[in-house]
Protein chains: 2
Amino acid sequence: MSERPISVRCSDCAVKRLCLPAGLSESDIVRLERVTRAKKIVKAGDCLYRAGNPFTALYAIRSGSFKSTIIAADGDTQVTHFSLPGELLGLDAYSGHTHPSYAEALEDSCVCVLPFNQLEILAQDVPTLQRHIYAIFSEELRGENEILLLLGKRSAETRLAALLINISSRYARRGYSSSRFLLSMPRTDIANYLGLTAETVSRLFSRFQKEGLIQVEGRDVKILDMVGLSELAGTHCSYDDSELSARQ
Amino acid sequence: MSERPISVRCSDCAVKRLCLPAGLSESDIVRLERVTRAKKIVKAGDCLYRAGNPFTALYAIRSGSFKSTIIAADGDTQVTHFSLPGELLGLDAYSGHTHPSYAEALEDSCVCVLPFNQLEILAQDVPTLQRHIYAIFSEELRGENEILLLLGKRSAETRLAALLINISSRYARRGYSSSRFLLSMPRTDIANYLGLTAETVSRLFSRFQKEGLIQVEGRDVKILDMVGLSELAGTHCSYDDSELSARQ
DNA sequence: CGATGTCTTGAAGCGCCTCAATTTCTGTGG
DNA sequence: CCACAGAAATTGAGGCGCTTCAAGACATCG
């Protein structure tokens, strides 16, 4: 896990529309760049941080993807998030001064290191940034509630359909195809995240394919019937406009 | 749902240790009081806000309790939170400018209205308050992850045991008994929150009683074997130190 | 007092898990 | 390049935990 200066600026970044620079003025972005200078490469399977590590910074994903997990006292593990470029990691660590969760790279990834005390000071000075940070926290909470609904009330097929629709729309926001993508996580992680077993997830993938909803080959997923899948998910594609929109 | 000036100041408030004033200096508390002047009485069964209502303020619970729910497109409901005095409501509303959830009073309750734009301005000026707000957001996220673990991986008995331990410790923090309390929510809400049915919850209450872990009579709960219940919950009483501790 | 909502208890059914066997994929070294 | 080992994914059969459905007990309130 090397830490080296990679000369990429926010204003050139592929995900600036989704990340902290969103909505900032040119000059404020320049100030933000001073905070986001450090980058970190995390290889697939390595952890960006582990539970118990001191909290010093937030991390913005530039490329790659991560899974967040917590481990209970008895060793039981729960995958709580899958994170894509432009999203922030570490938000849950502020209050306890240590990370309560693990962030493991699902593929070779690159993140911006955002020392939180510097970000805090900058936000004090740049109301737009401050509001954006609130919005990210708030949006994160809103999203968690949707997952609670999924885990609390929904059938296995609905859960998987909802995840596929969710990932699809998040890829779309990033300019990738919404109908075809490569899942960066293994079936076991999907199952764990959805509160299911890998076997059930595998069976569902097969069933969805048989029903003509998707076409799968390992982690390569093609959505053939977006409407049908959305109906299964029960969200009516609502994820499309559920991402953060921190206007003003 | 009346809105009237009730002359109570933060410095006199029963839950100031748990609420926004925590850690603030005398003079900063005075400034905070100017923001928190408005109170609102919400009668049992009434909603403090509903999904779709414009977001204008956060609410700090002074007395009583609330349940937060979201309603899916198909009408399915999920209880996402039970909130007690000193806790904040409305945090999930910031990003979308409207509340995504409902907050219904479980009993006659009183809240402080915190107009968010005023709070924002004050926080800009009072770093301790700013950090406290971050801490509350962050803590909230951390808590949600624990619930995900509960819903994703735990058996019905573990879920209920964990909820009882959780509520017990939250009452304790407020100076009430940790071993005996009155649940303000009906079985259906508990079941919904835990992703179970009311019948299952009822059966578990009966079983816990038969096993000598608790003594229940309707909503009146007495915990007879805190250690045993904690072991069932799998948390080893970890909820005790999981509340927000927004030092510096 | 009946009406209504909450809670409890029982019996039957189903959805997902568990266990197990096989196939496919991935990387590694000969 | 192929052989091999280990992991990941698939598929099947059986079982269990919780849900569903139904009936009754209990409390509260007009």
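Computed from heavy atoms alone, side chains included, the values below leave out hydrogens, waters and symmetry copies. Since the structure is predicted, the reported quantities are computational estimates derived from the model, not experimental observations. In what follows, every chain begins at residue 1, and chains take the letters A, B, ... in the order their sequences are listed.
Atom CG in B:Leu194 sits roughly 13 Å away from atom C1' in D:dC18 (whole-Å rounding). Taking atom CZ of residue A:Arg207 and atom C1' of nucleotide C:dC16, one finds them 12 Å apart after rounding to whole Å. One interatomic measurement links the two molecules: CG of A:Leu160 to P of C:dC16, which rounds to 12 Å at whole-angstrom precision. Distance CG (A:Leu204) to C1' (D:dT10): 13 Å, rounded to an integer number of Å. Rounded to an integer number of Å, the gap from NZ of A:Lys210 to C1' of D:dT11 is 10 Å. Atom NZ in A:Lys43 sits roughly 14 Å away from atom P in C:dG27 (whole-Å rounding). What separates CG of A:Leu183 from P of C:dC25 is a distance of 16 Å, to the nearest Å. Per the geometry, CG belonging to B:Leu151 stands 15 Å off P belonging to C:dC16, to the nearest Å.
Note on residues 178-211 of chain A: pairs passing ring pair (Phe, Tyr, Trp, His ring centres under 6.0 Å), not counting sequence neighbours, are A:Phe82-A:Tyr193, A:Tyr171-A:Phe181.
Remark: A:Leu160 CG to A:Leu150 CG distance equals 10.0 Å, nearest 0.5 Å. Of the inter-residue distances, the one linking B:His81 atom NE2 with B:Thr69 atom OG1 reads 11.5 Å to the nearest 0.5 angstrom.
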Going 5' to 3' through nucleotides 5-12 of chain C, assign each nucleotide B (protein heavy atom under 4.0 Å from a base atom), S (under 4.0 Å only from sugar-phosphate atoms) or - (no protein heavy atom that close). -SSBBBB-
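If one axis is set at each end of the helix from C:dC1-D:dG30 to C:dG30-D:dC1 from five pairs, those axes are 40° apart, to 10°.
Distance alone, capped at 3.5 Å, is enough to place a donor-acceptor pair between the B:Glu87 side chain and the B:Leu84 backbone. When atom types are taken as modelled, the side chain of A:Asn53 and the backbone of A:Arg50 share a donor-acceptor pair closer than 3.5 angstrom.
The residues B:Asp74 and A:Lys153 are annotated as not salt-bridged, no charged nitrogen and carboxylate oxygen being separated by less than 4.0 angstrom. Using a cut-off of 4.0 Å between Lys/Arg side-chain N and Asp/Glu carboxylate O, B:Arg203 and B:Glu199 are scored as not salt-bridged.
The side-chain contact (heavy atoms from CB on, under 4.5 Å) with B:Phe137 is formed by just one residue from the set B:Asp92, B:Leu88, B:Leu91; it is B:Leu91.
B:Lys67 and B:Asn192 form no side-chain donor-acceptor contact under 3.5 Å, judged by distance and modelled atom types alone.
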